[in-house]
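Notes to accompany the following structure.
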Amino acid sequence: MTFFIGRTLFARMPPSIVINEPVPRWKAILQSSLRVTGVVLLCSGLFYAGMYFERYRQGLGRPAQAASSQPEQAQPAPTLPEAAKQDVMAQRQVEGLDIQTLTVVRDSGTPGLLRYAFAISNEGRLYEGTLEFLVQGVLDGRPTVWTYPPEGQRASGKFQMRVGRYLKTEGSLQMPAGLVPEAVALRLRESSGSIRASRGVSVAPTEQN
């Protein structure tokens, strides 16, 4: 009885086999291509990511290495603008009083010492006044102008001048500590304080024989 009932139940149950429709060949090829392309893209992305990371890591250490291996270059010494030199070297001549020549050179044996020589001709009225030097240079990295003698010492005898027709003389100037002179102007002042003649030159590097 039991066998009969079981046989009857199994006979009435529908089969459990499901048959799928075959996949077209073009679709299968497309799916395979997409899988291969995805794998290739993934591998390429990982490869380039590793390469960029390595470059980035090397780049972090490169500036310090370059800075340590590169020799220190000497910084150029500060100089005066050319326009400022032209102002100092401007020539002035009033009523025939002329500074014909002026030379200023550094003394190679004494630091900070300048040697000068000049010649003055006068085709006008007698000149009686004082001389002064205007030294333009660099002090502690900044442009500066130094006047010699100071205003309070110009009345002393060694700075008084009297020129009838011609005068030629020479001497020396001791610069303040740290001053690097680049241009020097000689000025001849009247007793009224006005400048009657002036002339400027660049400082020569060494003393000329």
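Closest of all the heavy-atom pairs between V184 and L102 is O-CD2, 4.1 Å. The minimum heavy-atom distance linking G124 with N122 is given by the pair N-OD1, 3.0 Å. Shortest non-hydrogen contact noted between L139 and A177 is CD1-O, 3.6 Å. Heavy atoms only, all atoms of each residue included: P111 and Q174 are closest at O-NE2, 3.3 Å. Closest approach of Q100 to S121, counting heavy atoms only: NE2-OG, 3.2 Å.
Between the side chain of Y127 and the backbone N or O of R165, no donor-acceptor pair lies under 3.5 Å. In terms of modelled atom types and a separation under 3.5 Å, the side chain of R196 and the main chain of V94 share a donor-acceptor contact.
Taking the six-membered ring for Trp and the full ring otherwise, F133 and F159 have centroids separated by 6.0 Å or more.
Partners of P176 by side chain to side chain contact (heavy atoms under 4.5 Å, CB included), not counting sequence neighbours, listed by chain and number: W146, L179. For R162, the side chain to side chain contact (heavy atoms under 4.5 Å, CB included) test picks out L126, E128, with sequence neighbours left out. In this structure, the side chain to side chain contact (heavy atoms under 4.5 Å, CB included) partners of V180, at least two apart in sequence or on a different chain, are R106.
At a threshold of 4.5 Å between non-hydrogen side-chain atoms, the residues Y116 and L173 count as touching. K168 is not listed as a side-chain neighbour of T101, based on a closest heavy-atom distance of 4.5 Å or more. Considering only heavy atoms from C-beta on, E132 comes within 4.5 Å of P149 through its side chain.
A continuous path of hydrophobic side-chain contacts links L97 to L167 [ILVMFWY only; heavy atoms under 4.5 Å].
If you run side chain to side chain contact (heavy atoms under 4.5 Å, CB included) between L131 and each of L188, T169, I120, I99, only L188 comes through.
Every pair passing salt bridge (charged side-chain N to carboxylate O under 4.0 Å, His left out) that includes a residue from residues 93-102 is listed here, sequence neighbours excluded: E95-R125.
Interatomic distance, S194 OG to R189 CZ, rounded to the nearest 0.5 Å: 8.5 Å.
Other members of a hydrophobic cluster containing L113 are absent, since no ILVMFWY side chain comes under 4.5 Å of it, directly or through relayed contacts. Grouping Ile, Leu, Val, Met, Phe, Trp and Tyr residues whose side-chain heavy atoms lie under 4.5 Å apart, directly or via other members, places V145 in a hydrophobic cluster with L134.
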